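Report on the following structure.
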There are 2 protein chains.
Amino acid sequence: MTTGARTRGEYAKSAERRQQIVDAAAEVFSSVGYRKGSLRDVADKVGLSQAGVLHHFPSKEHLLEAVLSWRDGQTARLMGDPLPEGVDFLRGLVRAAEYNATTPELVELHVIVSAEGTSADHPLREYFAGRYASVLGHTRQAFERAAELGQLRPGTDCASASRTLIALMDGLQVQWLLAPDGVDMAGDLRRYLQPLLTVEL
Amino acid sequence: MTTGARTRGEYAKSAERRQQIVDAAAEVFSSVGYRKGSLRDVADKVGLSQAGVLHHFPSKEHLLEAVLSWRDGQTARLMGDPLPEGVDFLRGLVRAAEYNATTPELVELHVIVSAEGTSADHPLREYFAGRYASVLGHTRQAFERAAELGQLRPGTDCASASRTLIALMDGLQVQWLLAPDGVDMAGDLRRYLQPLLTVEL
DNA sequence: GTCTATATACTGATAGAC
DNA sequence: GTCTATCAGTATATAGAC
């Protein structure tokens, strides 16, 4: 009983601590990026020593992975489970953009960390490549489903439209972070999407 | 004659040295960003000591400014001087995207450094905000000019279209860096733009 | 104009006490 | 589970010799 046995409460406490650390790390990586953000900054935010943080996550890289999968969970919750199909999926993306406009910290996390992730020598480059491939695949399927239902303007290139839509979301985030009052992310998204569709968004 | 007098050759040599340093810094900041890129890396690339680099640029921040204004010069040369108007300006942007697809280093510099620049505490945040405002202004004017000439589809929102076009360029760069073979930046740009126009791109 | 040497600070990670 | 102490590495910037 000395090693394996623990009460539910103790597990819950550790999990809670881990979540606190992930939250703090998200804040730090959001504002200065993963490369420049330090474990010390994260530790200070959560009231722990730097070694204390490394007890819960064996390395800085593991911590970033935890932050990213937590964020993916947030997104999935927002989009709905199971993922909607066709035009409903596209509506979900617009709704996500609306939600993003209320959380600059999350937007900045995405912008800075995915920019860093394009580097050939970034430890999580493969993660980013895989995640973009997945998102683009889902979006293309949504366009294709809409086409099957006659809800897509004939002649639309589904692969190109999905790249364009995701690129648009990403690019608008940069502009919005630099000038929040000058950019309506969801509005611009709708103005791009609506002319492609034969139904109301 | 001890302080101010220098021959043309000496000036030219110093300017040449500065340019070498700017080139090296562009490479370094491209691959790991401004925050993580070190003066030592830059110095090594150009065969100088770190102190030697700081003789030419008083601080790391001054060096980044030099890199960015050099890149702006590159872009301006590509777009033409004076800047083209109307649809020709839009054609210039597509041509720029075509050129970008031949220089991943420059693309990565833009992606990572402008992502970093959105941070509230980045020393050059104002520079980035100003530069985006300028680019968006030029692009909006191009759409408006096209509208005057009847080359723009009636009912097009010029401000929204300019934000969308620039966001699209930025966002496609991220996807292209992660999967160069899967993304045709200039093609996607044309597929967005052409339906807005009444003339051939 | 370039160097070496140095000041000062911070980095991620490990070892071991409690 | 958290701490202190520590390591080896790196950062920007400055001082002063040449």
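Every value quoted in this text rests on a predicted model; they were computed, and no experiment measured them. Hydrogens, waters and symmetry mates are skipped; everything else that's a heavy atom, side chains included, is used. Labels below follow one simple rule: chain letters A, B, ... track the order of the sequence lines, proteins then strands, and each chain is numbered from 1.
In this structure a side-chain-to-backbone donor-acceptor pair under 3.5 Å is present from A/Ser59 to A/His62. Proximity of a side-chain donor or acceptor of A/Gln151 to a complementary backbone N or O of A/Glu200 within less than 3.5 Å is not detected.
Here D/dG1 presents its P atom at 11 Å from CZ of A/Arg18, a figure rounded to the nearest Å. Note: CD (B/Gln20) to C1' (C/dG1) measures 13 Å, nearest angstrom. Rounded to a whole Å, the CZ atom of A/Phe57 is 16 Å from the C1' atom of C/dG12. One can place CD of B/Gln50 at 18 Å from P of C/dG1, the figure rounded to the nearest angstrom. Taking atom CG on A/Leu54 and atom C1' on C/dT14, their separation rounds to 9 Å, with Å as the unit. Regarding B/Leu64, its CG atom lies at a distance of 17 Å from the P atom of D/dA11, rounded to whole Å. Computed from coordinates, the B/Glu61 CD to D/dA11 P distance equals 18 Å when rounded to whole Å. In this structure, B/Asp44 atom CG and D/dT12 atom P are separated by 12 Å, rounded to whole Å.
Salt-bridge check for B/Asp121 with B/Arg35: passed, with a basic side-chain N closer than 4.0 Å to an acidic carboxylate O. Between A/Arg125 and A/Glu116 no salt bridge is recorded (no basic side-chain N to carboxylate O distance below 4.0 Å).
B/Phe128 and B/His122 have perpendicular rings, their planes meeting at more than 60° on a 0 to 90° scale where under 30° would count as parallel.
Side-chain nitrogen and oxygen atoms of A/His55 include none within less than 4.0 Å of the OP1 or OP2 phosphate oxygen of D/dT2. When the side-chain nitrogen and oxygen atoms of B/Ser49 are compared with OP1 and OP2 of C/dT4, none of them lie within a distance under 4.0 Å. The side chain of A/Ser14 places an N or O atom within less than 4.0 Å of a non-bridging phosphate oxygen (OP1 or OP2) of D/dG1.
Between the CG atom of B/Asp157 and the CG atom of B/Leu152 there is a distance of 10.0 Å, given to the nearest 0.5 Å.
Which of D/dA15, C/dT14, D/dT2 sits closest to the side chain of A/Leu48 comes down to D/dT2.
The closest side-chain donor-acceptor pair between B/Asp170 and B/His110 falls under 3.5 angstrom.
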For nucleotides 8-11 of chain C, list the nitrogen or oxygen atoms of the protein found under 3.5 Å from its nitrogen or oxygen atoms, one pair per line.
unit_1, atom_1, unit_2, atom_2, d
C/dT11, OP1, A/Ser38, OG, 2.8

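Of the two residues near DNA chain C, A/Pro58 and B/Ala51, the one whose nearest nucleotide lies more 5' is B/Ala51.
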